[in-house]
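Counting starts at 1 for both ligands and their atoms, in listed order.
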Amino acid sequence: MTDTPRPADLDRAIGFTLPERNARGRVTRLGPVLDEILSAHAYPPPIERLLAEALTLTALLGSTLKDAGGQLTLQAQTQHGIVSLMVCDYKGGELRGYVQYDADRLALLGKNPSLFAMFNQGYLAVTFDQAATGERYQGIVPLDGDSIAQAAESYFLQSEQIPSLVRLGLGRDAEGRLIAGGLFLQHLPEGEEGRERLHTRLDHPEWGHVEALGATMGADELADSSIPLENLVWRLFNEESEVRVLAGAELSRGCRCDAEYITQVLGKFPPEERQAMADAEGMITVDCAFCARNFPVPLSDFTASPL
Ligand SMILES: [Zn+2]
């Protein structure tokens, strides 16, 4: 007799609320989606882990968007850091992301470089684009602290005055593929949802309680695909009088690059600049930074504009 393994709970995010505590949260876990995004690149392990954490955070924040066509973008960048740019975004359940870094300098840092060692004086920008209203909201915080999770917590506190807790955990499945899980908790007293608030109480007893429970969530539990996400919520909050679990979002890897758009952008360059971009065969090759796909565009696609 062998135990039947439980089906893995992966590539999904669920929301929940604790009405009596005026708190809300999200949990997510990424598996094949992560693998698909990472496998388009040949990142060294520290960059893979960094991007895995950032994508998990992107899934947590993106899945809070009420507007189905809205987009959440996470961008971390520095002037002179080893990692110069990291971009992740979420739209309608689709995730993508990439990292630009200096491989030679990174190799000198050893196996487990700190966030500071990779970014130096970095900044994290979080942008919410609402499709329905065309509204855009962006907040920027210094990328300090030990982790992306800490930077996200300070983003919510500084930019939105919302006490928040973010836990991210990484693990590997039996085949050695990365699994990443995340928990996100926020305190919204009196049902507040707005971004403008006058008073922020970090010492609110409701929040203190929720935060203390959330802090017990282990990285190993978050990244254990045999534990359904609903069970993670239950483990933390089973003594609360009410926990409402909200509908989940299925996550997938998606890129919005397209050949037509690229051709259109190239068409705006002066002909001599296009000529300079082309190889000996008269082919311009544009790479998508997110998915690493190549888009070859022949110079002959650009006919002379009518006078
Ligand atoms: Zn792409």
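- Aromatic pair F269/F302: centroids not less than 6.0 angstrom apart.
- Around the Zn ion (ligand 1), the protein contributes the following N, O or S atoms under 2.8 Å, ordered by chain and number: C255 SG, C257 SG, C288 SG, C291 SG.
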task = Take S252 and E250, measure what side-chain hydrogen bond (donor to acceptor under 3.5 Å, both in side chains) needs, and give me the verdict at the end.
result = CA-CA 7 Å; S252 60; E250 300 296 322; over 6 Å; no
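- Not counting sequence neighbours, E260 has no partner by the salt bridge (Lys or Arg N to Asp or Glu O under 4.0 Å) test.
- In this structure I179 satisfies the side chain to side chain contact (heavy atoms under 4.5 Å, CB included) test together with L10, R29, D173, A223, sequence neighbours excluded.
- Heavy atoms from other residues, nucleotides or ligands lying under 6.0 Å from CD of Q79 number 12 at most.
- For R26, the salt bridge (Lys or Arg N to Asp or Glu O under 4.0 Å) criterion is met by no residue, not counting sequence neighbours.
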